[in-house]
S.K.: 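Submitted below is the structure of interest, expressed as structure tokens.
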Amino acid sequence: MNIPVDKLHLFTLNVGCCYHDGDWNWKNVRSPFSRLYYVTEGRAQIELPSGTYDLTPRHLYFIPAYTKHNCICNSLFTHYYIHIFEDMQNETAILGDFNMPVEVEAQEDDLRLIKRLCEINPFLKIPASNPDVYDNHHMLIENYQKNLLRPFCDKVESRGIIFILLSHFLRYAQPKASVKDDRIHQAIAFIRANINNRIDIDQLADKACMSKGHFFRMFKEETGDTPTNYIIRRKMEKAELLLVTTDNPVKTIADSLGYEDYSYFNRIFKKSTGVTPQQYREKH
């Protein structure tokens, strides 16, 4: 998957070090940002849809955005945490296109880089390790704004450190959908570039020079999903991000994603997340 690096826009929402003694236990955590952990001592576990992972010293761990997980800790446990927000701008998330490994062995300089990230961003330390405290609408907006106000040199250095740490995972990452057909690849690129607009399947089929039925079959064969479901999933991920990182009314967010029917937007959002857009915003 040939993706230009300048399409990847990452921000550090939170960074710091936490010390626990059997008190790092949280259920059903799901956030619009990715988590990266570096363990220094002790033991803990994270339960992910792919399985349960033991967190061990001198290893890095990555939890993708929108991934529900549980944290389990019954003893002493110390780790550095980095919460990474991907600004999708006018497109969809790039990190979400990859199946990333959960665990990699840390490199020699990783701890030094993480400590440096903490040093230049002391105001991004979370006030408490409980996700209910930091994973909410107010805190996300506040930390995002703090990022924008930082000195340019700190922005560059912070982003460079994040890129280095994530590169360890990307080295072993695999594209979620290895699209071989150029016509389907172009259709996905069109969806990305027009995620804020109403996307017509007939238009996609025409661009791919296929009948609608043939386009549906080829798209599902290449991606494992129908064009309709693929578009809805991408739009709902963008909606989740906008709900927690902006103060825009829900109707405005629906309009910005090409949904003129506000009631329909509410229904498909609830089907995707289990709650209405307003409930999602209140929860976060």
Side-chain angles (χ1 to χ4, degrees), residues 9-27 29-46 53 55-65 67 69-87 95 100 102-104 106-151 153-169 244-245 284:
H9 305 280
L10 303 178
F11 293 90
T12 307
L13 280 179
N14 304 109
V15 60
C17 186
C18 278
Y19 304 87
H20 297 281
D21 188 1
D23 59 347
W24 192 67
N25 295 282
W26 318 110
K27 298 291 185 182
V29 181
R30 184 178 182 275
S31 308
F33 54 81
S34 301
R35 288 173 162 83
L36 195 153
Y37 297 138
Y38 178 98
V39 181
T40 56
E41 61 180 339
R43 292 289 189 276
Q45 291 180 317
I46 48 173
Y53 298 83
L55 307 186
T56 58
R58 293 176 297 282
H59 283 71
L60 288 163
Y61 298 88
F62 181 79
I63 303 175
T67 302
H69 61 282
N70 301 322
C71 304
I72 304 169
C73 176
N74 299 311
S75 60
L76 293 172
F77 174 60
T78 305
H79 73 288
Y80 284 89
Y81 58 84
I82 306 172
H83 298 162
I84 303 167
F85 166 68
E86 182 175 359
D87 185 355
L95 292 182
M100 305 270 275
V102 174
E103 177 183 11
V104 296
Q107 301 297 308
E108 183 177 351
D109 283 343
D110 287 347
L111 181 57
R112 179 184 62 81
L113 290 173
I114 294 171
K115 288 181 177 179
R116 175 59 182 166
L117 193 63
C118 294
E119 181 182 343
I120 59 178
N121 298 287
F123 47 86
L124 295 182
K125 183 177 181 179
I126 57 177
S129 62
N130 185 346
D132 290 337
V133 174
Y134 63 80
D135 189 359
N136 59 70
H137 181 62
H138 172 73
M139 285 292 292
L140 289 171
I141 290 179
E142 184 177 300
N143 285 350
Y144 180 69
Q145 291 172 340
K146 286 178 180 177
N147 256 282
L148 298 177
L149 296 173
R150 289 183 303 164
C153 60
D154 288 350
K155 292 180 186 178
V156 173
E157 186 174 3
S158 296
R159 193 170 300 186
I161 291 172
I162 295 298
F163 272 41
I164 291 171
L165 296 174
L166 281 180
S167 71
H168 304 333
F169 295 89
V244 297
T245 58
H284 285 275

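Positions are given from 1 along the sequence.
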S.K.: Would you say the side chain of Asp109 lies within less than 4.5 Å of the side chain of Ile164, judging by non-hydrogen atoms?
M.R.: no
S.K.: Using the test side-chain contact (heavy atoms from CB on, under 4.5 Å), find all partners of Pro122 that sit at least two apart in sequence or belong to another chain.
M.R.: none
S.K.: Just jot down the salt bridge (Lys or Arg N to Asp or Glu O under 4.0 Å) partners of Glu108, sequence neighbours excluded, or say none.
M.R.: none
S.K.: Looking only at non-hydrogen atoms, find the nearest pair between Cys73 and Ser75 and report the distance.
M.R.: SG-O, 3.1 Å
S.K.: How far does CZ of Phe77 sit from OG of Ser129, to the nearest 0.5 angstrom?
M.R.: 10.5 Å
S.K.: If you measure from CG on Asn74 to CD on Gln45, what distance do you get to the nearest 0.5 Å?
M.R.: 8.0 Å
S.K.: What's the spacing between Arg150 CZ and Leu124 CG if we round to 0.5 Å?
M.R.: 6.5 Å
S.K.: With Tyr80, which residues qualify under side-chain hydrogen bond (donor to acceptor under 3.5 Å, both in side chains), at least two apart?
M.R.: none
S.K.: Tell me whether Tyr81 contacts the main-chain N or O of Ile126 through its side chain, where contact means a donor paired with an acceptor under 3.5 Å.
M.R.: yes
S.K.: Please examine the side chains of Ile63 and Val29, heavy atoms only from C-beta on, and report whether any two atoms are closer than 4.5 Å.
M.R.: no
S.K.: For residues 156-166, which residue pairs qualify under salt bridge (charged side-chain N to carboxylate O under 4.0 Å, His left out), counting only residues two or more places apart or in two chains?
M.R.: Arg116-Glu157
S.K.: So which atom in Thr56 and which in Val39 form the shortest heavy-atom distance, rounded to 0.1 Å?
M.R.: O-CB, 3.3 Å
S.K.: Starting at CZ of Phe169, measure out to CG of Leu36 and round the result to the nearest 0.5 Å.
M.R.: 5.0 Å
S.K.: If only atom types and distance count, is the side chain of Thr40 paired as donor or acceptor with the main-chain N or O of Thr78 below 3.5 Å?
M.R.: yes
S.K.: Are there over 12 heavy-atom neighbours, none belonging to Phe163, within less than 6.0 Å of that residue's CZ?
M.R.: yes
S.K.: Please identify each residue that fulfils salt bridge (Lys or Arg N to Asp or Glu O under 4.0 Å) with Lys146, with sequence neighbours left out.
M.R.: Glu142
S.K.: Taking atom types as modelled and ignoring hydrogens, do the side chains of Ser158 and Asn121 form a donor-acceptor contact shorter than 3.5 angstrom?
M.R.: yes
S.K.: Does the side chain of Ile162 reach to within under 4.5 Å of the side chain of Leu117, using non-hydrogen atoms?
M.R.: yes
S.K.: Do Phe62 and His168 make a side-chain contact, defined as non-hydrogen atoms from C-beta onward lying under 4.5 Å apart?
M.R.: no
S.K.: Would Phe85 and His9 count as a side chain to side chain contact (heavy atoms under 4.5 Å, CB included) here? Give the steps.
M.R.: CA-CA 8 Å; Phe85 166 68; His9 305 280; over 6 Å; no
S.K.: Taking the side chain from Glu103 and the backbone from Tyr53, do they hold a donor-acceptor pair closer than 3.5 Å?
M.R.: no
S.K.: Ala106: which residues meet the side-chain contact (heavy atoms from CB on, under 4.5 Å) condition with it, sequence neighbours left out?
M.R.: Tyr38, Leu60, Asp110
S.K.: For the residue pair Trp24 and His20, does the interplanar ring angle fall in the parallel (under 30°), tilted (30 to 60°) or perpendicular (over 60°) class?
M.R.: tilted
S.K.: Distance check, rounded to the nearest 0.5 Å: Cys118 atom SG versus Leu113 atom CG?
M.R.: 11.0 Å
S.K.: Can you measure from CZ (Phe11) to NZ (Lys155) and round to the nearest 0.5 angstrom?
M.R.: 7.5 Å
S.K.: Looking at every heavy atom in both Arg43 and Pro57, which two are closest together, and how far apart are they?
M.R.: NH1-CD, 2.9 Å
S.K.: So, do Thr12 and Ile161 sit near enough that their side-chain heavy atoms are less than 4.5 Å apart?
M.R.: no
